[in-house]
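Okay, so here's the structure we're looking at.
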Amino acid sequence: MNIFLENIYNLSFFFNTGIGIFSFVCIYILIVLLILPASWLSLLSGFLYGSYLGSIIVFISASIGASVAFFVSKSFFAKKLKNLFSRYPKLSVMEKVVEKGGLKLIFLARLSPIFPFSILNYFYGLNNVKFRDFALGLLGIIPGTFLYCSIGSLAKSLQELKNVQSPNNLYMTIIGVVSTFLVVYFLAKYSREYFENS
């Protein structure tokens, strides 16, 4: 990461051109598809482009990467998972719970910091989740995205950016705790309903 940031410093002018922004978007999408941590790229986006433009670039990049991962998962892995479900019926419980929770559960999981963004993209593709709900659920990443980009925009140099720790904002902490609680609550609720109706 340090080597990458040093190269960014030398190419900072390039990354503020149209081609540079496109390159940044492509890098972000690749990171999402490879299930690698992207929070540092969000900080970098804030540093390069500011809070607002940086947030827009990250949201678009993350949404494209997430959508590609969703369709890859649904096209290539979902059928194999169905075969696994047929052999182990209890595994279908989670699928039914996620399907029943729909947009509400997807959105809350996006708000919660304990559910890894990239893994969720592939996970939802394995379930009977509608793309409309998946796409609308991505709105849940906006608060965290803006926070990371805002923190990154405060750095005056790459050295400062390298020393930035993960943001610990009171509002984001409250949102994260509440959304995590609600996800657990609805998972338990829908699981209970599934077993009662089985």
Side-chain angles (χ1 to χ4, degrees), residues 1 4 22-45 55-149 166 172 175-177 179-191 194:
M1 176 179 168
F4 183 81
F22 178 76
S23 300
F24 184 92
V25 169
C26 291
I27 292 170
Y28 204 106
I29 291 171
L30 183 62
I31 292 294
V32 170
L33 289 175
L34 294 176
I35 318 181
L36 297 173
S39 55
W40 63 274
L41 269 177
S42 299
L43 290 169
L44 180 60
S45 182
S55 296
I56 292 171
I57 290 172
V58 167
F59 180 73
I60 291 173
S61 305
S63 297
I64 294 172
S67 299
V68 172
F70 176 84
F71 285 116
V72 166
S73 180
K74 190 167 285 295
S75 301
F76 296 104
F77 304 124
K79 189 174 291 185
K80 293 181 179 179
L81 189 69
K82 294 290 184 187
N83 295 332
L84 188 64
F85 283 164
S86 65
R87 284 182 286 173
Y88 303 97
K90 289 184 178 179
L91 291 177
S92 65
V93 174
M94 183 56 71
E95 181 185 28
K96 297 298 182 184
V97 167
V98 171
E99 184 179 356
K100 187 174 179 64
L103 176 59
K104 176 169 50 184
L105 206 55
I106 294 169
F107 182 79
L108 289 171
R110 292 300 192 187
L111 280 174
S112 173
I114 72 167
F115 299 103
F117 176 77
S118 297
I119 293 177
L120 280 179
N121 301 327
Y122 288 102
F123 173 75
Y124 289 136
L126 296 175
N127 294 276
N128 292 325
V129 170
K130 296 177 182 177
F131 180 69
R132 181 198 63 189
D133 291 342
F134 176 84
L136 288 173
L138 287 169
L139 295 174
I141 70 172
I142 290 177
T145 296
F146 184 72
L147 176 61
Y148 271 89
C149 289
S166 295
M172 285 303 300
I175 290 173
V177 170
S179 60
T180 301
F181 170 80
L182 289 174
V183 168
V184 173
Y185 168 77
F186 284 117
L187 283 174
K189 179 177 181 290
Y190 295 141
S191 297
Y194 173 81

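F134 and Y124 have perpendicular rings, their planes meeting at more than 60° on a 0 to 90° scale where under 30° would count as parallel.
Not counting sequence neighbours, the partners of I56 by the side-chain contact (heavy atoms from CB on, under 4.5 Å) test are I60. For I57, the side-chain contact (heavy atoms from CB on, under 4.5 Å) partners are I21, F24, V25, S45, Y49, L53, S61, not counting sequence neighbours.
With a 4.5 Å cut-off on side-chain heavy atoms, F59 and L139 count as touching.
Of the possible donor and acceptor atoms, none in the side chain of S73 sits under 3.5 Å from a partner among the backbone N and O of A69. At least one donor-acceptor pair closer than 3.5 Å links the side chain of R110 to the backbone N or O of F117. In this structure a side-chain-to-backbone donor-acceptor pair under 3.5 Å is missing from S118 to I35.
Atom CG of L147 is separated from atom CD1 of I142 by 13.5 Å, given to the nearest 0.5 angstrom. For the atom pair CD1 of I141 and CG of L120, the computed distance is 11.0 Å after rounding to the nearest 0.5 Å. Interatomic distance, L138 CG to N121 CG, rounded to the nearest 0.5 Å: 7.0 Å. Here L33 contributes atom CG and Y122 contributes atom OH; the two are 4.5 Å apart, rounded to the nearest 0.5 Å. Atom CG of L108 sits about 9.0 Å away from atom CG of L103, to the nearest 0.5 Å. Note that CD1 of I31 and CH2 of W40 are 5.5 Å apart. Values are rounded to the nearest 0.5 Å.
Closest approach of Y28 to S42, counting heavy atoms only: OH-OG, 2.9 Å. For V58 against C149, the heavy-atom pair with the smallest separation is CG2-SG, 3.9 Å. Of all the heavy atoms in L111 and P143, the pair that sits closest is CD2-CG, 4.1 Å.
Heavy atoms from other residues, nucleotides or ligands lying under 6.0 Å from CZ of F131 number more than 12.
When I27, L34, V32 are each tested for a side-chain contact (heavy atoms from CB on, under 4.5 Å) with L30, only one passes: L34.
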